[in-house]
Amino acid sequence: MELTSRPGRPPGYSAFSLVKHGLLRQGWTPAWRRHELRGSYDVVIIGGGVHGLAAAYYLAVRHGISNVAVLDKGYIGSGGSGRNTAILRSNYLTPEGVRFYERSMELYRGLAADLNFNVMFARRGHLTLAHNDGSLRTMRWRAEVNKLQGVDSDVIGPAEIKRLVPYLDISPRARYPVLGALYHPPGGIIRHDAVVWGYARGADAHGVHIHQDIEVTGIDVANGKVRGVQTSRGPIASPVVLNCTAGWSTLICDMAGVRVPVQTFPLQAAVTEPVRPFLDAVVVSGSLHVYVSQTDRGELVFGASVDEYPSYSMRGSLDFIEGLAGHVLELMPSLARVRLLRQWAGLCDMTPDFSPIMGLTPVEGFLVDIGWGTYGFKAGPVSGEAMAECIASGKPPPIIAGFDLARFAEGRQLGEKGAASVGH
Amino acid sequence: MTAPGAPPARMRLGPQPGEVIDRSAPLSFRWNARPYLAFGGDTIISALAAAGERVFSRSFKYHRPRGILTASYLDPGCTVQAGDEPNVRGAHRLVEDGMDVRPQNSWPSLRFDVKAANQLAAAFLPAGFYYKTFIRPQRLWPAYEHVLRRFSAGGTTSAHAAAEYYDKRYAHPDVLVAGGGPAGMAAALAAARAGASVLLVDEEHQLGGHLRWSGQAGLAALRELTDQVAAEDAIEVMTNSVVLGRYDGNWLAVVQRGLPGVTERLIKARAGVLVAAPGLIERPYVFAGNDLPGVMLSTAARRLIALHAVRPGDRAVVLTANASGDAAAADLTRAGVEVAHVADARRGGDVVRAHGRGALRAVELADGSRHDCDLLVTATGWTAPMSLLTMAGDRPVYSQRAARFFPDPQRLPGDVLPAGGIAGDGSLDELVAHATAVGAEAARRASAASQAAAGHSAGAGHSAGAAAPGISSGPAREPVAIPELPAGEHPELFRGRTHGFVDLGEDVSSKDLQTAVQEGYDSAELAKRYTTATMGPTQGKLEVVNVVAILAGLTGRTIAQTGTTTWRPPYAPVTLGALAGRIFEPVRYSPMQPWHEQHGATPLVAGAWIRPDHYGDPAAEARRVRESVAIIDVTPIGKLDLRGPDVPKLLNLLYVNKWSKLGVGRVRYGAMCAEDGVVLDDGVTGRLGEEHYLMSTTSSGAETVAEWAENWLQTAHPDWQVHLTPVTTAFASMNIAGPRSRELLSRVASGVGLSPEAFGYMQVRTGEVAGVADCVMWRIGFTGELSYELHVPASYGLHVWEALLAAGEDLGVGVFGVEAQRILRLEKGHLIVGQDTDGLTQGFSAGLDWAIKLDKDDFIGQSELAWQAASQDYPQLVALQPADGSVVPPEGSQIVQGTAIEGRITSSRMSPALGRSICLAQLSAGLAVPGTQVTVLLPGGQRVPARVMEHLAHVDPEGERIRG
Amino acid sequence: MMLLPCPWCGPRNVSEFRYVSELVPRPDPAAASPGEWRDYLYLRGNQRGWVTERWYHRAGCGQYFLVDRETATDQTRPRQDAR
Amino acid sequence: MAELLARSPVTPASPVVADGWEVSGLRSSASLTLADLTPLAKVAVRARPAGAMASALGVPFGRAARDAAGALLIGSGPGEWLALGPAGQEAALRGRLEQTAASAAAGELVTVLDLTHGRALLRLTGAQAAATLAKVCGIDLADSRVPPGAAFRSSVAKLVADVVRDDLTSSDATGGEGQARSYLLHCERSYGQYLFDALLDAGAEFGIAVDGFRAPGI
């Protein structure tokens, strides 16, 4: 993907600029600036995460719409973007899903160059283990759909799995024997904060205003049209308001009088102390509700499926790390001595069909990019691209046509739920 | 005990009054492949320091040599590899005889580490270094990354580490005291004396906290407290143990280490009240060279001398801003260390720079003087570890006067109380008095809470399990007045006049923080994420206040405005083994399991059930069923006993078909849908008596259906007279299938007429089988053959199973497993919910048209099914046969037109009866017409034609065999 | 771990229970339009604050009951009409 | 045809036959023992939580008591009872309860269901029984919470189990003075072996030993 224009400010990053700065002992200019809050913008984006910042970036870069404000109640990336486990893949179950996430992967692969910011995308390969014939059947189903969309994905057997992940216990006597796996070589991990910062820096360079620590308290709607938003720092007029929040998406939609079929669940994650790299691939076990990857720093990053009941709590539970550790050791028994360093939680907006809600709403000018469940980070770039186009053209592009809000009332749910099991 | 070649312990002092080492128990271990001596009670680091070693690791990013900083669990420079175990805290872990200890983050050696070249490049490795480079060409990033990973820190794991035993238990103390210093001990004593059961937990190997290195007075106080604690039966003491976190409802996790026979034990304590008395953590000072081996905190120097009788250096400079620094200077002199200079920060004294290569050589002070030394001791302030309080929702407030944070009592829940240093300052007596009041109040609150809890457990004649614990001592007393602890005065010392390391664990300097702020990462959270300060093994306990203070300085905000960073659990790193404990994975067996094992059954894990998949040759097993007779263990089939006059109402509600007219002795197939019309479960239900029914469900659906039915009964129709009891394994269930099954059954059953007239298809009888009374027999045919399903009182299951096999020998009776059953039911075209349907498959897409009765009054899923029927355009379940009968398309194969997906194969097998491949498939409406040719895409990419069949059944569509 | 006040067994660890749903009225299936019916199936208040919910005491008395829960803090409050 | 023999889900150590059941013949005098009492007659009763049958039975939810005939009646749930009687006596026990229903609660829907073969029943006895149970059960077992005669249903080693505090008098206690702390554990039959093994593992550090079935067992 080529940009229509390159970021002007700030000066580009490169090995050369590093040396120069080092020699001259000169400081770096800000990656983004603080701005005065204007009374009105052409577009107000609620939520300074990957989705909101990417939408702003593509609005400015692709469509020349740069009088845009991105509002975040905390610091940029403080929500799901900074709390997810940064796993990228496109081996979904439905053709719509696969095409959509594959476009996101395409954008991710070019992101470092496009943003002139190293987002450290590491193509590690992604393994989803099957412990029973049911999940093995679903893996085959996914693999076939993936291949039809041109996505590299296939079912492999225990021997091949062992070769890819030597620490894995593949003995048939295991309580959860490993019968096979869905192997997705292009999958991998990325530095999630870098994606947020890269988009923020790019958007800022193109004139977008990023406002942190500002909370939206209301949305002004008059005879079916959006007029603007009320915030902790006063009102902002705008004909277009995009809800890019996660965890708060229903609360924001309520402000506009739009009801959406979303329930908010905590998703917990944890990270260990660094150990010498031994795990290349991302390993997921649906039956055991766990996924594992190892960062370049050597930390093991663990995630799971969402908690069993909805909540806005991000405190994290002991239950979670107990179950997590048990399941990790079922898979890799020799990690008993590795120490868990930190646990945290993020909020996931689950929809009935495990697919997002994107595009227009009954309120003119109020758009949504929500319901991201546990798969929002993967979809950041493509969502920003699609929502930017939706705003610029006034209608949802084909790639998100199936994600419309009306599908629930009309009984057109998407099939990702077909193989309902842990994502990632 | 001798260890040839071990260096002499030249820094070991003579006996110290409070030393914790046992000089009568010498040990030997290896460090860096060389032998060393130690005493019992020595930590790895104290033993090495006694031998004069000063460098124990290389730093995370620049590979700078690092030595002792805190001489405690938190010491960032003292993390080592011990045998298989990575990241061992060398300043906390006790030496074990024969231990093999190695440095972690150095190559080729600790003395000469080539990666140390990084430090020369430091100027070119600013914060965010990685984000700014390796950008183009992107195809090279994987190569860069490969190199970077080799530079990653941390110890090594082994793919073959020995399995160890980890334990868990629950506890219900009225009061849990986190921290066994003087305050914690006093609080525990007061709580116990007020009638509370108390758990007293400390991270160190002994109780006492700083009293252990506070000279004669401290030791005297310590002895007194220790004796009193030991005398209290109500206090359970856990040392070398840590409270990992405080979770909802005062659910506290404690990891207990150093137990016999158990590697570690996790205690899950539901405490009435948590008393947090973790003490204070001494704060490092930030200045140039502050990470050189030889630069250490006053508490580190005092610990080494008092606990382990180790002289921390030969010639020292002391920078002191408080009593701890003053005492350290005195301790050093007493320990024979030459104290070259004492710089008093309270009178303007300051350190500008520490000099040395590999270790400290000299110190440059603010007054311009320069002193040669190998030891610099700093005492510049304290950090209150607020973890347990912030986990409880507290937001600490900064006190400029005391140069540290304090809890905000307003934000603390009533079941959490701080004591000791985190609460305030004072003399030992004042701290003990305060903690004593806290302990008494904690006991009172715990008692009140438990009475309240017992209060609203209705129904129960008592409060079994009312999880809040109880002190069975009378009515709630008056609140205990807790004296105020003042915030003692302390100069604000965070960063000196030069830049230095803020986070020694992550190699983050104050310069890096400056860069971050310049670039716009100016909030505490962003700066933290950008520089990785506080993200390392200590999780901010040592460095967070310095980070916040320096950021405040850089942004012109106050420390209060800048705020702290969130402290997330666990308080201390915890092994996965301890968290996992003994792994409980319930498994279920049928009463015939011993027989299956003796006869070579290949096990199949089906949820919690372990079932026989086959006994060697599933195809032959299937053939036997078609040709003569065989039996299968189907015990996992869900069974619900239903009684009462309103059972038919319940059945009509749950099932999509009609039930009002089911006569006694009759069985009927039924399918259930959820409210969205999606197929939920199926099975048969038989009417055993006027008001007595037995419902069967799928094996995996047993629990779901029971809960589903209870939900409707309890919440929607409490007036209905129905009792539902799960009886899945009250019966051993076995299916006798095959043309000769009637003959076989007739040989063992008595009191039941088996003739087709007396016992027809889809009928149920109760009688005696092989001498076992009360056996339920229903005549159904999942396999498509004449067959009887027996439900035998479970304890007699094996008896009946063996009786059937014995009685049928001459009939050639055999056994068959789950795989043969799958083949047979597929030949018969019988649906398996969850395989031939998925999370979105509604009734009419599951071949249930014949069963669904839309004209019934309300049944679950009715409206959605009516709308589905009206829409006409929905996928359908069809039978398929590939043109080439030798090709078995794997389940999950797609049915395509060009690249468009029209459906998928849900079930496929080679049919022994037909000698060809057969399938069930979900197929789009347009193609789901008998005779249609469709294209199946095989995983290999090959496209094969297949035909849509007339009936779902490939074998005996008319069902003559079943009715036979 | 959150404690849930079972009206029959008293406070128990939440791990003993199964979350059923936020309390929503079930429309008359015969009368409800597709839109109304699917609102019932899929729309929830999802409020941040006190919510009335139905839970099932799976590993206890086997009863379904109502309880109030604050969805940000996970504090719970027993209800008079819990049973 | 083979002799009619009832079998417990727990494989018996050194098996003998008692009351038509294959049971363990072990006799342990350890201070902490685990015994398989699955052969006991187990009859479930369902009726209104506060109806005529409830008052006729006279044992509230959360309590357990022996009736005149020596059967242990457990208030295992709201409107739910479990009666335990001597091995082989399930028919008689069921008859008695049906009698009670007929005479005391005519007109009320009462279900009397023989679950002898549907459930496993274990007994954990000894001073350290509570400490052992505390490794697999999150309920506070302090005497103030679970006194003798108390019953509750909760999660035990990740199973749903009924737990009854049913101390034994020293006469039949295995060692120990006077009352020996003892718990009955009652779970779904197919999990019996799993629960048995989990308790043995939990009790290992206290020297737990398997004790055989001693008729009548109740």
Side-chain angles (χ1 to χ4, degrees), chain A residues 13-15 18-19 22 27-28 30-32 75 78 95 112-113 116-118 120 122 132 137 140-141 144-145 148 166-167 175 177 193-194 273-278 296-298 316-318 321-322 325-326 328-329 333-344 411 413 415 417-418 420, chain B residues 84-87 123-124 130-136 138 145 148-149 152-161 163-164 245 247 251 253 515 518-520 523 525-526 529 537 539 568-570 573-577 579-580 583 585 605 838-840 867 890-894 899 901 904 937 939:
Chain A
Y13 294 154
S14 70
L18 278 165
V19 174
W28 294 88
W32 52 81
Y75 58 96
S78 54
N116 176 235
F117 202 98
N118 187 358
M120 301 182 206
N132 56 56
R137 196 177 300 117
R140 170 61 63 198
W141 177 4
E144 294 310 302
V145 174
L148 273 164
Y167 272 56
R175 173 64 179 81
D193 287 334
E273 295 183 344
V275 288
R276 285 306 161 109
F278 68 92
D296 293 334
R297 290 162 50 92
S317 70
L318 176 62
I321 47 174
E322 284 184 272
V328 168
L329 295 184
S334 56
L335 297 184
R337 287 281 203 174
V338 175
R339 288 179 183 77
L340 190 131
L341 183 61
R342 180 170 70 253
Q343 73 176 110
W344 68 91
Q413 292 197 39
K417 190 182 176 186
Chain B
D84 267 352
E85 185 177 359
N87 305 330
F124 311 111
Y130 295 126
Y131 305 124
K132 297 191 176 89
T133 184
F134 302 134
I135 293 171
R136 305 178 148 268
Q138 285 185 61
E145 194 210 5
L148 291 178
R149 295 189 86 194
S152 71
T156 42
T157 55
S158 155
H160 319 285
E164 292 161 311
Y247 299 91
W251 185 246
T515 309
Q518 278 172 2
E519 293 192 55
S523 66
E525 284 296 329
L526 281 177
R529 285 168 176 269
Q539 289 288 291
R568 295 191 168 114
V574 54
T575 61
L576 297 179
L579 289 172
I583 296 174
E585 285 289 350
V605 180
D838 63 47
L840 288 176
W867 296 322
E891 291 166 353
S893 299
Q894 299 297 297
T899 60
I901 294 171
R904 74 176 192 280
L937 176 65

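Per chain, numbering begins at 1; letters A, B, ... match sequence-line order. Excluded from the calculations below are hydrogen atoms, water molecules and symmetry mates; all remaining heavy atoms, backbone and side chain alike, are included.
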Cationic N near anionic O, under 4.0 Å, A:Arg137 to B:Asp838:
no
Counting heavy-atom pairs under 4.5 Å with chain A, the top scorer among B:Gly892, B:Pro537, B:Pro890, B:Gly520 is B:Gly892
Per-residue tally against chain A (heavy atom, under 4.5 Å) across B:Ile901, B:Asp84, B:Thr515 peaks at B:Ile901
B:Ser893 and A:Glu144 have their tightest heavy-atom pair at CA-CG, 4.3 Å
Turns out that what part of B:Tyr131 lies under 4.5 Å from chain A's heavy atoms comes down to both
The interface call for B:Ser523 against chain A, heavy-atom contacts under 4.5 Å, is side chain
Under 4.5 Å to a heavy atom of chain A? For B:Arg529 that would be both
One option among B:Ala253, B:Ala580, B:Ala159, B:Gly245 has the most heavy-atom pairs under 4.5 Å with chain A, and it is B:Ala159
Keeping A:Arg140 on the side-chain end and B:Pro939 on the backbone end, is there a donor-acceptor pair under 3.5 Å? no
Within a strict 4.5 Å, meaning less than it, do heavy atoms of the A:Trp141 and B:Glu891 side chains meet? no
Of the listed A:Pro166, A:Ala112, A:Gly298, the one with the largest count of heavy-atom pairs under 4.5 Å with chain B is A:Ala112
**Asked** Given side chains that start at C-beta, do those of B:Thr156 and A:Val275 come closer than 4.5 Å, heavy atoms only?
**Response** no
Applying a strict 4.5 Å limit to non-hydrogen atoms, the region of A:Asp296 in contact with chain B is both
State whether the side chain of A:Tyr167 and the backbone N or O of B:Thr157 hold a donor-acceptor pair below 3.5 Å, judged by distance alone. yes
Bottom line for B:Leu937: the part with an atom under 4.5 Å from chain A's heavy atoms is both
**Q.** Test item: B:Val574 and B:Leu579 side chains (from C-beta on) under 4.5 Å apart, heavy atoms
**A.** yes
Answer key: most heavy-atom pairs under 4.5 Å with chain B among A:Val338, A:Leu148, A:Leu318 is A:Leu318
The interface call for B:Glu585 against chain A, heavy-atom contacts under 4.5 Å, is both
Most contact-rich option vs chain B, by heavy-atom pairs under 4.5 angstrom, among A:Ala194, A:Pro333, A:Pro177, A:Ala325, is A:Ala325
inquiry  = Could you check whether A:Arg337 pairs with A:Glu273 (Lys NZ or Arg NE/NH1/NH2 to Asp/Glu carboxylate O, under 4.0 Å)?
reply    = no
Most heavy-atom pairs under 4.5 Å with chain B, out of A:Ser78, A:Gly411, A:Pro95, A:Ser317, belong to A:Ser317
Do the side chains of A:Asn118 and A:Tyr13 get nearer than 4.5 Å, heavy atoms only? no
